[in-house]
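So that we are looking at the same thing, I have put the structure below in structure tokens.
Note: hydrogens, waters and symmetry copies are ignored here, and every other heavy atom, side chains too, is used. The first residue of the sequence shown is numbered 1, and numbering continues consecutively from there.
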Amino acid sequence: MLSSTQINQAITALKNNEIIILPTDTIYGLSAIVQTSNQIRINELKQAEPNKPLIILFSRFEQIEDFDIFDRNLYELMNSPIPTTVIIQHNQQTYALRKVIRKDLQTIIDQAGVIYSTSVNIHGQEPLRDEAELKRFSDQVKVFFDEPLYGEPSKIYNSVTKKWVR
């Protein structure tokens, strides 16, 4: 878990519209407050298409009320003890939502707001996992490191196609 100092620094950085690297329930993620300009900036760092959709992390269901999710089964999937991302469609756009489990990440999101998070890597390459690799990724991004994370990326359920993607 991140220390209280790291948590406070991460909250401040996010509120200042910075892109940072945070531990998630699975792997380290490039993270920023949810807004189109940050999506583009993160994708540029990853050398991906500028409008490539990113996972949105939230800590409480109230934070995603605007998505008008009516299927209670999706709430159960997102509330799983196994990190599960659910793809939904809202207003003719596709979104990927995941409820966080880590308490430190919940605190950050509760205070900073919902965030994008995507694996720290160049698009198509393996995610970076140790502190030295993460720090070398970009001198524009501050790393909040607690321990190497060797988890697998989250399970993904596409509610549009009603199929498991991963």
**Q.** Summary of side-chain hydrogen bond (donor to acceptor under 3.5 Å, both in side chains) pairs that have at least one residue in residues 126-135, sequence neighbours excluded
**A.** Glu131-Lys135

Q) What is the distance from atom OG of Ser80 to atom NZ of Lys155, rounded to the nearest 0.5 Å? A)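 It comes to 5.5 Å.
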
Q) Are Leu22 and Ile27 joined in one hydrophobic group, where the rule is that I, L, V, M, F, W and Y side chains link up if heavy atoms are under 4.5 Å apart? A) no

I'd like a table of donor-acceptor pairs (distance under 3.5 Å, sequence neighbours excluded) in which one partner is a side-chain atom from residues 142-149, with atom names and distances.
| unit_1 | atom_1 | unit_2 | atom_2 | d |
| --- | --- | --- | --- | --- |
| Asp146 | OD1 | Tyr28 | OH | 3.0 |
| Asp146 | OD2 | Met1 | N | 3.0 |
| Asp146 | OD2 | Arg102 | NH2 | 2.7 |

**Q.** Set of residues satisfying side chain to side chain contact (heavy atoms under 4.5 Å, CB included) with respect to Ile122, sequence neighbours excluded
**A.** Gln47, Gln125, Phe137

Q: Decide whether Asn17 and Asn38 meet the rule of one side-chain donor and one side-chain acceptor closer than 3.5 Å.
A: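 Yes, side-chain donor-acceptor contact under 3.5 Å.
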
Q) Where do Ile109 and Ile115 land on the side-chain contact (heavy atoms from CB on, under 4.5 Å) test, with the steps shown first? A) CA-CA 7 Å; Ile109 292 170; Ile115 60 174; 4.1 Å; yes

(Q) Count I, L, V, M, F, W, Y as connected when their side-chain heavy atoms are under 4.5 Å apart, and connections chain through other members. Are Ile101 and Ile55 then in the same cluster? (A)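 Different clusters.
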
**Q.** Counterpart residues, side chain to side chain contact (heavy atoms under 4.5 Å, CB included), relative to Thr161 (two or more places apart)
**A.** Asn158, Lys163

Q: Starting from the C-alpha separation in whole Å, work towards a yes-or-no answer on side-chain contact (heavy atoms from CB on, under 4.5 Å) for Arg98 and Val86.
A: CA-CA 6 Å; Arg98 186 169 79 229; Val86 175; over 6 Å; no

(Q) Check this for me: Glu49, atom CD, are more than 12 non-hydrogen atoms of other residues, nucleotides or ligands nearer than 6.0 Å? (A)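 Not more than 12 within 6.0 Å, no.
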
Q: Kindly compute the distance separating CD (Gln9) from CG (Leu14), expressed to the nearest 0.5 Å.
A: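 Going from the CD atom of Gln9 to the CG atom of Leu14 covers 12.0 Å.
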
Q) Residues two or more places apart in sequence or in another chain: which of them pass side chain to side chain contact (heavy atoms under 4.5 Å, CB included) with Pro50? A)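 Applying side chain to side chain contact (heavy atoms under 4.5 Å, CB included) to Pro50 gives Ile40.
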
(Q) Under 3.5 Å, is there a donor on one side chain and an acceptor on the other for Thr84 and Ser154? (A)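 Ser154 and Thr84 do not have a side-chain donor-acceptor pair below 3.5 Å.
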
(Q) Using a 3.5 Å distance criterion without hydrogens, assess whether the side chain of Ser159 forms a donor-acceptor pair with backbone atoms of Ile87. (A)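 Flag set: sc Ser159 to bb Ile87 pair under 3.5 Å.
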
Q | Criterion side-chain contact (heavy atoms from CB on, under 4.5 Å) on Ile19 and Leu45, from CA distance to verdict | A | CA-CA 10 Å; Ile19 296 172; Leu45 285 169; 4.0 Å; yes

Q. Backbone N or O of Asn51 within a donor-acceptor pair of the Gln39 side chain at under 3.5 Å?
A.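 Checked: pair present.
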
Q: Mark yes when over 12 heavy atoms from residues, nucleotides or ligands other than Glu152 sit less than 6.0 Å from its CD; otherwise mark no.
A: no

Q) Are Thr26 and Thr24 linked by a side-chain donor-acceptor pair shorter than 3.5 Å? A)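 Per modelled atom types, Thr26 and Thr24 side chains form a pair under 3.5 Å.
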
Q) Taking the side chain as C-beta and beyond, is there a heavy-atom pair between Leu2 and Pro23 under 4.5 Å? A) yes

Q. Quick one: side chain to side chain donor-acceptor pair (under 3.5 Å) partners of Ser119, sequence neighbours excluded?
A. Lys46, Asn121

Q. Going hydrophobic residue to hydrophobic residue with side-chain gaps under 4.5 angstrom, can you get from Val114 over to Ile21?
A. yes

**Q.** Steps toward side-chain contact (heavy atoms from CB on, under 4.5 Å) verdict (Leu97, Leu74)
**A.** CA-CA 10 Å; Leu97 304 171; Leu74 299 182; over 6 Å; no

Q: Look at the side-chain heavy atoms of Ile, Leu, Val, Met, Phe, Trp and Tyr, link any pair under 4.5 Å apart, and say whether Leu54 and Leu30 land in one connected group.
A: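 Yes; Leu30 is reachable from Leu54 via cluster members.
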
Q | Atom pair CD1 (Ile42) and NZ (Lys52), whose distance is rounded to the nearest 0.5 Å | A | 11.0 Å

Q) How would you list all residue pairs meeting ring-ring contact (aromatic ring centres under 6.0 Å, His included) that involve residues 147-166, not counting sequence neighbours? A) Tyr157-Trp164

**Q.** Residue pairs involving residues 100-131 (criterion ring-ring contact (aromatic ring centres under 6.0 Å, His included); sequence neighbours excluded)
**A.** none

Q) How would you list all residue pairs meeting salt bridge (Lys or Arg N to Asp or Glu O under 4.0 Å) that involve residues 3-25, not counting sequence neighbours? A)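 Residue pairs with at least one partner in residues 3-25: there are none.
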
Q. In the single-linkage hydrophobic clustering (I, L, V, M, F, W, Y; side-chain heavy atoms under 4.5 Å), do Ile56 and Ile69 co-cluster?
A. yes

Q) What are the two closest heavy atoms between Leu105 and Leu57, and how far apart are they? A)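 Heavy atoms of Leu105 and Leu57 come nearest at CD2-CD1, 4.1 Å.
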
Q. Does anything in residues 42-66 pair up under ring-ring contact (aromatic ring centres under 6.0 Å, His included), and if so which pairs, sequence neighbours excluded?
A.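 Qualifying pairs: Phe58-Phe61, Phe61-Tyr75.
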
Q.
Between Gln63 and Ser59, is there a side-chain donor-acceptor contact under 3.5 Å, judged purely by atom types and distance?
A.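 Yes.
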
Q. Tell me the salt bridge (Lys or Arg N to Asp or Glu O under 4.0 Å) pairs involving residues 63-92, sequence neighbours left out?
A. none

Q: Could you name each residue pair satisfying ring-ring contact (aromatic ring centres under 6.0 Å, His included) that touches residues 78-106, not counting sequence neighbours?
A: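 Qualifying pairs: Phe67-His90, Phe67-Tyr95.
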
